[in-house]
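Because only heavy atoms are used, hydrogens play no part in the values below, and waters and symmetry mates are left out as well, while side chains stay in.
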Amino acid sequence: MHEEQRQLVARPRPVRSRFEFGGLVLLGAGILAALCGALFLWSGFFDVAATSKHPWPVALLLHYTMKRSVAFQAPHLKSPDLDDPTLILRGAAHYASGCAPCHGAPGELASPIAQQMTPTPPGLYSAGRDFSPSQLFWIIKHGVKMTAMPAWPARQRDGEIWAMVAFVKHLPDYNTERYARITGWNGGTSFLSGMAPIAPGGAFNPAPCGRCHGVDGRGGGGVTPNIAGLDATRFVQVMRAYRDGSKPSGFMQPVAAALAEEQIEEAARYYAALPSKASSP
């Protein structure tokens, strides 16, 4: 009886031993794979040059990983009316200067620099079909790692991000002529080059600011704030706040950061001199 009990106790041991052996084999294989990976990285054999594009299986894998990550990470959000013309126009104005240089636009190719990135920034004409509004919001707000897609500069400004979502959703509706008309954009990447000259007393060119705020500075019917007649001191304070980020705005911070102090002061004097309201007929 004693012998039988010992045999019963001993029977499971071979099974456990096989599991233990299998576990050790897997552990050894994992350690070997990690060492091989570390050796591969240490060797410098992997080519990080942007000129050596990803092989197509790697490109497909990375794109699939991105789409699955967005689907998992993006919460379902209640979006505003993405067909609202005012919201679309707000997004269009920024898209022309902030997005088109990398993603292209109707009648405008992406910049040669963007075309040499790896991965190359995609055109966004199908983005509204490929991603839900909540997913587009998440991508624009947070950006995408290991690509040139940045996070939104002012992530607390959800209204600005929804404006971008609205325009991207409607991007396929725009041909070259219509896009140029609503954005005031004629192509090129020098949208701030015609701003106020540094030289004192030079003539201020309102065209770049007018793309968003209107040639009269009154905000294009409520699409953007009315800056006509704004006190010059207040104008300079606000632009400085945009420039240093203390007043967050993904629309305005890139503009303000590109302007010299003299340009901001010249713009302030120009808009302060404009009437804040249209004169009665």
Side-chain angles (χ1 to χ4, degrees), residues 66-106 108 121-144 147 149-175 178-185 191 208-214 216-228 230 238-239 241-242 245-256:
M66 183 274 292
K67 292 191 72 171
R68 294 307 308 151
S69 176
V70 170
F72 178 79
Q73 298 289 342
H76 181 71
L77 302 173
K78 180 176 176 55
S79 66
D81 180 8
L82 299 180
D83 298 324
D84 178 3
T86 298
L87 196 65
I88 295 169
L89 288 174
R90 285 176 184 161
H94 180 76
Y95 182 93
S97 58
C99 307
C102 285
H103 294 286
E108 181 183 347
L124 299 181
Y125 297 98
S126 65
R129 298 191 303 272
D130 296 339
F131 298 97
S132 70
S134 293
Q135 291 171 347
L136 283 175
F137 180 94
W138 188 92
I139 293 170
I140 295 169
K141 184 172 186 175
H142 297 284
V144 181
T147 72
M149 178 64 187
W152 191 251
R155 290 191 289 280
Q156 61 272 64
R157 296 292 295 271
D158 285 0
E160 294 182 343
I161 300 172
W162 280 120
M164 301 311 302
V165 173
F167 180 72
V168 169
K169 176 189 172 186
H170 288 277
L171 183 58
D173 301 339
Y174 290 85
N175 58 23
R178 188 183 179 201
Y179 174 78
R181 186 170 64 250
I182 68 163
T183 63
W185 192 254
F191 125 83
C209 295
R211 287 183 50 253
C212 294
H213 293 280
D216 55 5
R218 297 191 193 115
V223 174
T224 54
N226 181 354
I227 58 175
L230 183 64
V238 170
M239 290 298 286
Y242 281 136
S246 58
K247 184 176 177 63
S249 171
F251 290 161
M252 285 301 303
Q253 188 172 0
V255 175

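- Between atom CH2 of residue Trp162 and atom CG of residue Leu87 there is a gap of 9.5 Å, rounded to the nearest 0.5 Å.
- Nearest approach of Ala151 to His142, heavy atoms of both residues: CB-O, 3.5 Å.
- Note: Ile140 CD1 to Arg155 CZ = 14.0 Å, rounded to the nearest 0.5 Å.
- For Arg90 (side chain) and Val223 (main-chain N/O), a donor-acceptor pair under 3.5 Å exists by modelled atom type.
- With hydrogens and angles left out, the side-chain atoms of Trp152 and Glu160 include a donor and acceptor closer than 3.5 Å.
- The shortest heavy-atom contact between Tyr242 and Ala256 is CB-CB, 3.8 Å.
- A donor atom on one side chain and an acceptor atom on the other are not found under 3.5 Å apart for His213 and Asn226.
- Within the model, atoms CE of Met66 and CE of Met149 stand 10.0 Å from one another, a figure rounded to the nearest 0.5 Å.
- For the atom pair Ile88 CD1 and Phe167 CZ, the distance stands at 9.0 Å (nearest 0.5 Å).
- Across Phe131 and Gln135, no two heavy atoms sit closer than the pair CA-OE1, 3.4 Å.
- Lys67 forms no cation-pi arrangement with Phe72, by the criterion of a distance under 6.0 Å to the ring centre and an angle within 45° of the ring axis.
- Taken to the nearest 0.5 Å, the CG atom of Leu136 stands 11.0 Å off from the CE atom of Met164.
- Aromatic ring pairs are classed by plane angle as parallel below 30°, tilted from 30° to 60° and perpendicular above 60°; the pair Tyr95 and Tyr179 is perpendicular.
- Between His94 and Phe251, the two ring planes are tilted [angle within 30° to 60°].
- Across every non-hydrogen atom of Ala100 and Ala96, the tightest pair is CB-O, 3.6 Å.
- Across all their heavy atoms, Ala154 and Ser249 have their closest contact at CB-N, 3.5 Å.
- With values rounded to the nearest 0.5 angstrom, His103 atom NE2 is found 12.5 Å from Glu108 atom CD.
- Listed here is the closest heavy atom pair of Thr86 and Gly222: CG2-O, 4.1 Å.
- Look at Asp158 and Lys141 and you find a salt bridge, because one of the NZ, NE, NH1 or NH2 atoms lies within 4.0 Å of a carboxylate O, short of that distance.
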